[in-house]
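First up is the structure itself, then whatever we jot down about it.
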Amino acid sequence: MEIVTKNAPHLRNPKARVSRFMGDVSIALTPLVLFAIYQHGLDALWILLAAVLSMVATEYVYYQVVDWLERRREAKSDTEKKIRDLKLDKAQLRKELREKKSDAAKEAYDSFMETYREELPKLKEKLREENKQAPRKANKSFRLLNRSFTLGNFSVITSGIIYGLTLPDVIPLGMAITGGVAGILLGKLIFGGLGQNIFNPAAFARVFVTLSFGTALGYQAFVDAEAGATVLTALNENLANQQIVETYGYTALFTGIGLPGSLGETSALLILVGGLYLALRKSFDLFVPLTYVGTVLVLSLSVMWTQGLGFWFPLAQVLSGGLLFGAVFMATDPISIPVTRPGRIYFAFGLGVLTFLIRLFGNLPEGVVFAIVFMNMFSPAIDYPRWSRNRFSARSVLIFAAVVALAILITNVGVYYVE
Amino acid sequence: MIGRTKRINDYKQIDRALPAQRFVDPEYVFLPLRTGRCAEYELEVEEGDDVALAQRLGMRRGKFFEQPILSTVSGTVVDTVEMTDEQGEKRPFLKVRNDYQDTPAEGMRERTEEEISALSKDEFVEIVKDNAIVGLGGSGFPSYIKMTSGHDIHTVVVNGVECEPYLQSDYYLIKEQAEEMLRGLSYIMRAVGAERGVVAVKSTKGALVEAVEKELGRFEGMNMQLAKVADYYPQGWENATFEAAVGTKVPVGTLPMEYGILGFNASTCAHIYEAVKYNRPILKRFVTVNGDALKNPLLVRVRVGTSVRELIDLAGGFREDVEQGNVVLGGPMMGVAAPDVDVAVVPTTVSILVIEDEEHVEEPCVRCGSCIYSCPVDIQPVSIMNAVKRGDKKALQQLEADRCIECGLCAYVCTSKIHVTDYCREGKRQVR
């Protein structure tokens, strides 16, 4: 046996794998996918396929291009490398001269520049001749799988399914594909791929679709088909519109059967089943969906109380629209949310407040994806080392409680003036 | 997974019903002349000299203390050889041939209980110092310095938790020498004037709970208790043990003595008993020889100074189908990987583990937060890693990277298999 040394620890948890929890999310989404196909027929299947494949294909093509560029850089000739090194040396010496301003540095720079002026034209001439004799060949070793492609740990498939499930059932396939490409490219790859993205790619893609095609589709028709929109739009226009909720009945609101809306967001029951599975497998942070839904519930309860509405109002707020889906599957994507537990709770609280405010006062009926994308931008600020802490301190709990009270107050004052 | 990990797989598969094997007498013993804490030494014997058991062979000198080098066998001094010490570095060792006579040195004699109760604190400290008793949990810190900290001590805690996977040395010690351990505790309590003694063992180790409870019956007037602590990692970390056993939170960076608590490892207590009762230094100790790359893992009581090569042979040697392995001195979570097996058992050698080497493919960090949730000192390993990567010293200070205890849990739980602990070590180094 050969003895090798390593730094401690010499043991790793064999159960901890990225592919495990990303795969778990895909498994938790499966009942929703089946339900969408049951409810909307084959249309749903095509939309979901378009969403998943557009994202997977975009990531694949992107990394193939990255790999190809890298191979090209590696394939540079010796003369090219010499020219590059010479230029780098010059930059280095110039930088030293600017910083130190000493005579020694000046001397070194001057003597280097003499050789530089001599060498550079020679090397350039040599390169030109080399290219004339034998045109540069790009390294053509094509590999089917490239190293950074994240198909193996389910992350891109999960994004694709989540994005597909947030789409309405009447969306043309072209729009679904455009959204998927934009979401994965602008929401994830442009920042450096898995682990570096500041936005949740699925939420970003969904926002992209709403903003780009909302009017093109005809806003009214589009809105009608959107996430539980018939319920929420009506509420958005008139807070005390209880009839809308009663048309569908609470059973429909809970199970999603016969409810109009986007593919995967209607069935609260199946979303909760998926969430339960993830919680049992410890594949997400349970505190995020709990805080998120809890915040919306508390805010709507307070509005119910001040406006004298019935208990149907908070119930409709929680069960309808994409709230549960967003809370369980989108807000828990660990990459784009803060890393500490207090940070995650602040983040989820922010999501709840934003969602509720957009629903009540915004001109969009559905606030979940916008809230998620908006709060994603605050993750680095919440994680800022100066104030991010691993545990709650007495002081942070006090401040947080004050912020919660303030949020409730502002919401109710706003409702009072708008009504 | 995403959430707090407190339990880790413990691999303690040596049959607990068996007694420890007694492999005590190697032909040669190797005694370290220099250690990590003592850079200089001075020898009082020459090659070819005859030495007695527990005879002083010289002195090690450190920055703030000195320590006698004591022979663990009687026999002849052979020469000085270069060997790997428990920190994985090459250091000089004195090679002594064993004559199997165990001729005791002059000072070695038994004290009666009356003599012991008449000892003053200074005399007691002198005995512990002269017998070179150090913290046997792995720290190697001289015990007499702990006793002379100058703070008022009200509680002495015996740490028998042994939370690292694979290790069973303290388990066997408590099972077989519970009485010695408790007598050691009573001597320490008398010496430092503590009112209370607490023995902390894991609640899951039924045999230990039973053994300690039975022996505690002999010490009825002494106010000594058993504290059953939960089976977590790193519960054996001193501060975690104090919190679980006594309920006192000792912040990282302060001494437990400031809070009136003094902690000793279970083996240290047993050896303090031997030092006081028989004036005997650490001659033998329990060593776990374990790991998945060994044929017959075992637990032995060996003479201090035994070569590790012999112990590995005793365990049947390396398994043939293992191509690469780590030889770890200490536990797998915090132990040091030795570059070779030219190692001798020193008083602080708890175990020799030979573990099959595993290649871990690092994936990009997905910020799952497992390391932050699991951190026992409540710092943020992943944020420290990112700060180290971008060279942000200010952020490292704000993240309190110097509080890291290098327990290894962050790398253990990492879903992307990143060596987070290494980054934390680097961050800690940069802050200090």
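Sequence lines set the chain letters: A, B, ... in the order given, protein chains first and strands last, and positions in each chain run from 1.
Using a 4.5 Å cut-off between heavy atoms, B:V382 contacts chain A through its side chain alone, with no backbone atom that close. Heavy-atom distances place the backbone of B:D340, and not its side chain, under 4.5 Å from chain A. Contacts between B:A338 and chain A at a heavy-atom distance below 4.5 Å involve the backbone alone (N, CA, C, O). With a 4.5 angstrom heavy-atom cutoff, B:T421 touches chain A only via side-chain atoms. B:K394 does not touch chain A: none of its heavy atoms, backbone or side chain, sits under 4.5 Å away. With a 4.5 Å cut-off on non-hydrogen atoms, B:F318 touches chain A through its side chain but not through its backbone. When heavy atoms are compared at a cutoff of 4.5 Å, B:M334 approaches chain A solely by way of its backbone atoms N, CA, C and O. Of the two parts of B:V366, the backbone and the side chain both hold a non-hydrogen atom closer than 4.5 Å to a non-hydrogen atom of chain A. Heavy-atom distances place both the backbone and the side chain of B:H419 under 4.5 Å from chain A. Contacts between B:I8 and chain A at a heavy-atom distance below 4.5 Å are absent for every atom of the residue. Both the backbone and the side chain of B:Q324 come within less than 4.5 Å of a heavy atom in chain A. For a residue to count as touching a neighbouring chain, one of its non-hydrogen atoms must lie under 4.5 Å from one of that chain's; by this rule B:D378 touches chain A with backbone and side chain alike.
For the pair B:D357 and A:E2, the minimum side-chain heavy-atom distance is 4.5 Å or more. Considering only heavy atoms from C-beta on, B:R367 comes within 4.5 Å of A:D383 through its side chain. Taking the side chain as every heavy atom from C-beta outward, B:K417 and A:R12 approach each other to under 4.5 Å. Under the 4.5 Å side-chain criterion, counting only non-hydrogen atoms from C-beta, B:P339 is not in contact with A:I3. Within the 4.5 Å cutoff, the side chain of B:C375 has heavy atoms near those of the A:N390 side chain. At a threshold of 4.5 Å between non-hydrogen side-chain atoms, the residues B:Y11 and A:L11 count as touching.
Ranking B:T5, B:I355, B:D392, B:V328 against chain A, the residue ahead of the rest is B:V328, based on heavy-atom pairs under 4.5 Å. Residue with the most contacts toward chain A among B:S416, B:C414, B:G369, B:C368: B:C368 (heavy-atom pairs, distance under 4.5 Å). Your options are B:Q397, B:R425, B:E400, and the one with the most heavy-atom pairs under 4.5 Å with chain A is B:R425. Chosen from B:G408, B:G325, B:A337, the residue pairing most often with chain A at heavy-atom distances under 4.5 Å is B:G325.
A:K15 contributes no side-chain N or O that, together with a main-chain N or O of B:V413, makes up a donor-acceptor pair within less than 3.5 Å. Checked by atom type and distance alone, the side chain of A:H10 never pairs as donor or acceptor with a backbone atom of B:E356 at under 3.5 Å.
Residue A:R386 qualifies as open at atom CZ: its count of foreign heavy atoms under 6.0 Å is 12 or below. Environment of NZ in B:K90: crowded, with over 12 heavy atoms of neighbouring residues, nucleotides or ligands closer than 6.0 Å. Within 6.0 Å of atom NZ in B:K295, more than 12 heavy atoms from other residues, nucleotides or ligands are found, so the atom counts as buried in its surroundings. The environment of CZ in A:F400 is crowded: more than 12 heavy-atom neighbours from other residues, nucleotides or ligands sit within 6.0 Å.
Taking CD of B:Q398 as the reference point, atom CH2 of A:W387 lies at 9.5 Å (rounded to 0.5 Å). With values rounded to the nearest 0.5 angstrom, B:L294 atom CG is found 8.0 Å from A:M1 atom CE. One distance of note links CZ of A:F21 with OG of B:S370; it measures 7.0 Å at 0.5 Å rounding.
Checked by atom type, the side-chain pair A:S388/B:Q380 shows a donor-acceptor distance below 3.5 Å.
Across A:A8 and B:G335, no two heavy atoms sit closer than the pair CB-O, 3.3 Å.
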